[in-house]
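I have placed the structure first, in the form of structure tokens, so that the comments after it can refer back to it.
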Amino acid sequence: MEVPGAGYVVLTLLVALFGALALRYARRLVTVARVLRRGVRADGTCVRVETEPYARSDARRHFFAFRTADGTQVEFEDLAGGSTTRGTPVTVTYDPRDPRGTATVAGRGSWSPVLQALALTAGCGTAALGFAVLLFFEITGGGR
């Protein structure tokens, strides 16, 4: 049994989902690039690594902590490699106006957070564009 318009709904939801993710990662990309250029550096530590359900080896969340120049303890989540474990020392770069919202695990000369955000932005943006093209062809009949 075919539901009329179900294809439109599914494709529209996929465009919206991947478009929203692309925008989120694009904002993170801009923030990380700005912080790496003008931010303050501090020594930090990986305080915990959480494994997602189903024991997927690639599904880990890394949490880091550092102290700002005024002594405030800040904890944040960021992307990290598989070799980062609890207790691993890291360099944190952050904007003093919003340490929790801008902190990233990177020092000057380390562009991996930029590359990660760029890859996620490009991947989600490409998916959104691809689903938008499919939706367009579905609506217009695709040259039939």
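Source: prediction; values computed, not measured. Just so it is clear, the values below take in all heavy atoms, side chains as well, and ignore hydrogens, waters and symmetry mates.
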If you round to the nearest 0.5 Å, how far is CG of Leu36 from OG1 of Thr31?
-> 10.5 Å
To the nearest 0.5 Å, atom CZ of Phe64 lies from atom OG1 of Thr104 at 9.0 Å
Do side-chain atoms of Arg86 reach the backbone of Val47 as a donor and acceptor pair under 3.5 angstrom?
-> yes
Apart from Leu11 itself, its cluster of hydrophobic side chains linked below 4.5 Å comprises Tyr8, Val10, Leu14, Val15, Leu17, Phe18, Leu21, Tyr25, Leu79, Leu120, Phe131, Leu134, Leu135, Ile139
Pairwise side-chain contact, Thr88 with Thr45, heavy-atom cut-off 4.5 Å (strictly under) = no
Val74 vs Thr68 side-chain heavy atoms within contact, under 4.5 Å | yes
Single-linkage hydrophobic cluster Val90~Val40, side-chain heavy atoms < 4.5 angstrom = yes
With sequence neighbours left out, what residues match Arg34 under salt bridge (Lys or Arg N to Asp or Glu O under 4.0 Å)?
-> Asp95
Out of Thr93, Val114, Leu115, Leu118, which one pairs with Val32 under the side chain to side chain contact (heavy atoms under 4.5 Å, CB included) rule?
-> Val114
Distance from Glu77 atom CD to His62 atom NE2, nearest 0.5 Å?
-> 10.0 Å
Should we say atom CG of Asp43 is surrounded by more than 12 heavy atoms from elsewhere, each under 6.0 Å from it?
-> no
Does Arg100 reach the main-chain N or O of Glu75 with its side chain, forming a donor-acceptor pair under 3.5 Å?
-> yes
Not counting sequence neighbours, list each pair that qualifies as a salt bridge (charged side-chain N to carboxylate O under 4.0 Å, His left out) and has a residue in residues 10-33.
-> Arg28-Asp78
Is the distance between the ring centroids of Phe76 and Tyr94 less than 6.0 Å?
-> no
Which pair of heavy atoms, one from Ala22 and one from Gly125, lies closest together, and at what distance?
-> CB-N, 3.6 Å
